[in-house]
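One structure below.
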Amino acid sequence: MSHLMNTYARQNVAFVRGEGVWLWDEDGRKYLDALAGIAVNTLGYGHPKLTRALSARLASGVIHTSNLWRIPDQEAAAERVAEITGLDEVFFCNSGLEANECAIKIARKYGHERGIAEPAIVVMEKAFHGRSLATLSATGSRKVQAGFEPLVSGFVRVPLNDLEAVRHVAEHNKNVAAVFIEPIQGEGGINVARLEYLRGLYELCQRKHWLF
Ligand SMILES: Cc1ncc(COP(=O)(O)O)c(C=O)c1O
């Protein structure tokens with residue numbers, strides 16, 4: 001019996017070797033990997049640059065230090081991300097839900113700074129934002145929320161691609177501080193936010209001084 005908590009319906013296959021886009025299981029069967037880490041860590045397998053960087057880190061003996069000290073590799077990675085995105089600052093975390101928790105906290109803090117006692121965030125139907133309490137509350141799926149109530153409050157849900165619905169919220173809810181959206185929903189089905197919708201949403205956010 002596995003001592004792993006049963007949080008995933010895992011298939012009975014384990015990969016023991018990888019090269020490029022290929023994986024091999026314990027019985028030597030070869031697979032073309034078209035999934036990676038479910039949309040994250042799409043790095044392929046055994047890339048020489050990654051292997052070199054990880055090996056050098058291991059060989060240095062310094063696998064981890066606390067955030068109390070400077071971490072030069074982290075600074076270099078942040079510089080590169082800033083260069084690519086054109087944004088100023090980077091927050092590194094361990095998972096998508098942590099990134100989203102951070103975004104929710106930033107939105108709430110921003111709301112408080114604007115004098116809103118109970119800041120609200122506009123979220124989309126069928127959205128998926130993670131499985132922590134705040135992010136599952138922001139998620140638009142009862143399946144993800146069921147059993148974990150009470151949910152975190154402060155989310156206003158609207159249908160995707162419906163700018164009128166967001167305008168309606170803007171008119172009636174003075175507590176909104178931000179809009180939270182996946183440009184392409186994955187978990188909720190492959191639902192694409194239309195470009196003109198995203199542009200309209202961005203303009204509305206600029207006008208209302210909401211984070212986007
Ligand atoms: C759009 C989206 N947001 C957030 C998450 C949560 O990420 P994580 O599982 O790394 O916490 C996922 C994970 O599938 C996702 O697809």
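Just so it is clear, the values below take in all heavy atoms, side chains as well, and ignore hydrogens, waters and symmetry mates. Start at 1 and go down the list; that is how both ligands and their atoms are numbered.
Closest to atom 9 (O) of ligand 1, if we only count protein heavy atoms, is G96 N, 4.9 Å. The closest protein non-hydrogen atom to atom 3 (N) of ligand 1 is F128 O, 3.4 Å.
Under the 30°/60° scheme for interplanar angles, the aromatic rings of Y31 and F15 are found to stand perpendicular.
The minimum heavy-atom distance between F155 and A138, with the atom names listed, is CE2-CB, 3.7 Å. A107 and A177 get closest at one heavy-atom pair: O-CB, 3.7 Å.
Proximity to E182 (heavy-atom distance under 4.0 Å) selects the following atoms of ligand 1: 1 (C). Here is the list of ligand 1 atoms found below 4.0 Å of a heavy atom in N100: 3 (N), 4 (C). The contact set between ligand 1 and E187, taken as ligand atoms under 4.0 Å from a residue heavy atom, comprises 14 (O). If you number the atoms of ligand 1 from 1 as listed, the ones under 4.0 Å from a heavy atom of S95 come out as 10 (O), 11 (O). Taking every heavy atom of L97 and a limit of under 4.0 angstrom, the matching atoms of ligand 1 come to 6 (C), 7 (O), 8 (P), 11 (O).
Remark: side-chain polar atoms of S137 are paired, donor with acceptor, to backbone N or O of V152 under 3.5 angstrom.
Taking a cutoff of 4.0 Å between a charged side-chain nitrogen and a carboxylate oxygen, R142 and E149 qualify as a salt bridge.
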Could you go through residues 203-212 and list every donor-acceptor pair under 3.5 Å that involves a side-chain atom there, pairing it with any protein atom two or more places apart or in another chain?
residue: W210; atom: NE1; partner: V176; partner atom: O; Å: 3.4

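Only backbone heavy atoms of H129 (N, CA, C or O) come within less than 4.0 Å of ligand 1; its side chain stays farther off.
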